[in-house]
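Every chain is numbered from 1 and lettered A, B, ... according to where its sequence line falls, protein lines coming before strand lines.
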2 protein chains.
Amino acid sequence: MEYNHKQLAILDAAEQLFASQGFHGTSVRDIAHAADVNIAMISYYFGSKEKLIEAIFLKRIVGWKSVLETVLKDESLSFETRFDRLVETYVGRIFNNPCFNLMMMRAQIQADLGVNDLIHQNKLEVHGIISAFIKAGQEKGVFNEGVDILMMVNTLVGTTNHIMSTRHHFARISGLEHLTDEQLQQHLVIHISNHLKNLLKAILIHEA
Amino acid sequence: MEYNHKQLAILDAAEQLFASQGFHGTSVRDIAHAADVNIAMISYYFGSKEKLIEAIFLKRIVGWKSVLETVLKDESLSFETRFDRLVETYVGRIFNNPCFNLMMMRAQIQADLGVNDLIHQNKLEVHGIISAFIKAGQEKGVFNEGVDILMMVNTLVGTTNHIMSTRHHFARISGLEHLTDEQLQQHLVIHISNHLKNLLKAILIHEA
DNA sequence: TAAATATTTAAACGATCGTTTGATTAAATT
DNA sequence: AATTTAATCAAACGATCGTTTAAATATTTA
């Protein structure tokens with residue numbers, strides 16, 4: 001799908017507003033104003049508000065799977081290094097697209113929103129790729145047997161998304177309020193990555 | 001605050017609807033219908049839709065702090081046992097109040113919603129209590145030094161809430177679709193608790 | 001350049017939103 | 001029993017919602 005300048009302005013504005021105010025909390029007039037286009041252009045280009053949010057998901061969800069595969073299938077790197085890269089890549093991706101990921105968190109809470117089939121299919125594929133990687137590592141004797149891969153993935157995803165969505169609470173609690181949003185983001189990406197690598201490798205590699 | 005039968009019906013109905021459809025996605029007519037009361041009763045008793053959601057938070061948030069303190073300050077139990085209880089209690093609490101916790105997740109995403117000051121204060125208190133407990137364990141030599149307590153708490157909260165909010169995705173991926181909601185809940189509480197106890201104690205107690 | 005197609009706009013559409021009104025009934029108080 | 005207060009209701013309020021219309025302007029095609 002190729003979008004022109006005006007369509008991209010609508011998609012970007014909608015993503016930001018849906019993230020911060022929710023789907024129902026955002027009016028098409030809000031979106032049109034933020035994107036600096038006439039209200040009717042949204043229906044004209046996307047058909048409806050519902051189809052607009054679907055377009056955002058379709059635009060965003062593609063690509064993630066191939067990035068993941070590239071990281072995990074690079075056999076020039078050790079299993080441990082590739083695992084580190086996996087964590088770094090995931091955490092970085094979440095914090096580089098905060099608006100879209102807030103949208104996705106909202107969508108997952110709301111079971112009906114239509115885009116959930118898309119999300120589920122993506123989850124399945126991602127879990128399949130990571131599972132295959134961990135199992136390969138187990139066969140090589142690098143990773144411990146008996147680890148619950150699904151739980152591990154949910155810890156990676158859950159921890160990262162939770163801190164991202166509550167990052168301003170987090171900043172206040174840990175005395176990081178003086179940082180700019182960008183500085184806070186950099187700080188969090190590094191510290192969350194290190195924490196999760198430590199934590200997950202503690203059961204995946206160490207601890208006999 | 002003491003509520004009569006009709007007020008409680010409104011609070012319960014609103015909590016369920018806010019959780020599944022969001023604040024803006026739920027109309028006061030929806031709430032009135034679900035609670036089987038006249039539309040005007042909501043304004044009559046609570047003033048407005050905004051004040052209704054604040055009443056729900058006020059009703060729910062109290063109590064959690066004291067439960068936590070009771071668990072962690074029981075010196076007849078070892079530090080490790082108390083830590084296990086902490087995890088079990090937290091995970092159980094989330095899954096026993098799924099609707100309210102989905103509401104809270106939504107509220108945290110939305111930075112403006114007014115109730116966020118209440119949520120932040122609660123976060124601060126909870127973090128203080130858990131911090132004090134971990135530090136006491138460190139002084140006794142039971143828990144390792146150098147663990148990032150805030151990150152640990154965010155892993156507990158983030159993992160639990162993420163799986164709770166995506167539990168039907170989780171069930172489908174792990175082939176647990178045939179379970180009833182209640183069976184799934186029981187299964188998840190046990191498995192998430194065990195996973196998190198394992199994971200967190202791996203860096204808190206084991207691993208020199 | 002003439003015709004056809006695509007884009008843009010202000011205005012209006014009916015539907016639904018949260019809230020209020022004013023009348024009526026129930027309960028509590030004196 | 002009389003009076004005051006609380007509860008309940010159908011109806012209506014103005015505001016805003018997502019979407020459509022029809023006319024005007026730009027762009028592309030023949």
Exercise. Can you check the B:Lys49 NZ to C:dT19 C1' distance for me, whole Å?
Worked result: 12 Å
Exercise. Which part of the nucleic acid, if any, lies within contact of B:Ile39, taking any heavy atom under 4.0 Å across all strands shown: a base, the sugar-phosphate backbone alone, or nothing?
Worked result: base
Exercise. Does the A:His162 side chain pair with the main chain of A:Gly158, one donor and one acceptor, at a distance under 3.5 Å?
Worked result: no
For this session: Let me know the distance between NE2 of B:His5 and C1' of C:dA27, rounded to the nearest Å.
Result: 18 Å
Exercise. Among the nucleotides D:dA7, D:dT20, C:dG18, which one has an atom lying closest to any side-chain atom of A:Ser43?
Worked result: D:dT20
Problem set entry | Worked verdict on A:Arg82 versus A:Glu75 for side chain to side chain contact (heavy atoms under 4.5 Å, CB included) | CA-CA 9 Å; A:Arg82 274 182 275 168; A:Glu75 300 194 1; 4.2 Å; yes
For this session: Starting from P on C:dT19, measure out to CZ on B:Arg29 and report it in whole angstrom.
Result: 10 Å
Problem set entry | Proximal nucleotide (of D:dA10, C:dT19, C:dT9) relative to the A:Ala40 side chain | C:dT9
For this session: Tell me, yes or no, whether the heavy-atom count around A:Gln121 atom CD, taken from other residues, nucleotides or ligands under 6.0 Å, exceeds 12.
Result: no
Exercise. With under 30° as parallel and over 60° as perpendicular, where do the rings of B:His169 and A:His120 fit, or are they tilted in between?
Worked result: parallel
For this session: Looking only at side-chain atoms of B:Tyr44, point me to the closest of D:dA12, D:dT19, D:dT8.
Result: D:dT8
Exercise. Would you call the rings of B:Phe83 and B:Phe133 parallel, tilted or perpendicular, where under 30° means parallel and over 60° means perpendicular?
Worked result: parallel
Exercise. Nearest to the side chain of A:Asn38, which nucleotide is it out of D:dA10, C:dA10, D:dT19?
Worked result: C:dA10
Exercise. Looking across every strand, which nucleic acid part, if any, lies under 4.0 Å from A:Phe46 by heavy atom: base, sugar-phosphate, or nothing?
Worked result: nothing
Problem set entry | Length of the CG-P vector between A:Asn4 and C:dA6, whole Å | 13 Å
For this session: Round to a whole Å and report the spacing from CD of A:Gln7 to P of C:dA6.
Result: 13 Å
Exercise. Given atom CD1 of B:Ile42 and atom P of C:dT19, what is their separation to the nearest angstrom?
Worked result: 9 Å
Exercise. Out of C:dT8, D:dG18, C:dT19, which nucleotide sits closest to the side chain of A:Val28?
Worked result: D:dG18
Problem set entry | Atom pair distance, as rounded to whole Å: CD1 in A:Ile10 and C1' in C:dT8 | 12 Å
Exercise. What is the distance, rounded to the nearest whole Å, between atom CD1 of A:Ile31 and atom P of D:dT16?
Worked result: 17 Å
Seminar exercise, completed: Checking C:dT8, D:dC9, C:dT19 against the side chain of A:Lys6 (C-beta onward), the nearest is C:dT8
For this session: Can you figure out which of D:dG18, C:dC17, C:dT8 approaches the side chain of A:Met41 most closely?
Result: C:dT8
Problem set entry | Sugar-phosphate only, base, or nothing, as touched by B:Ser27 at under 4.0 Å among non-hydrogen atoms | sugar-phosphate
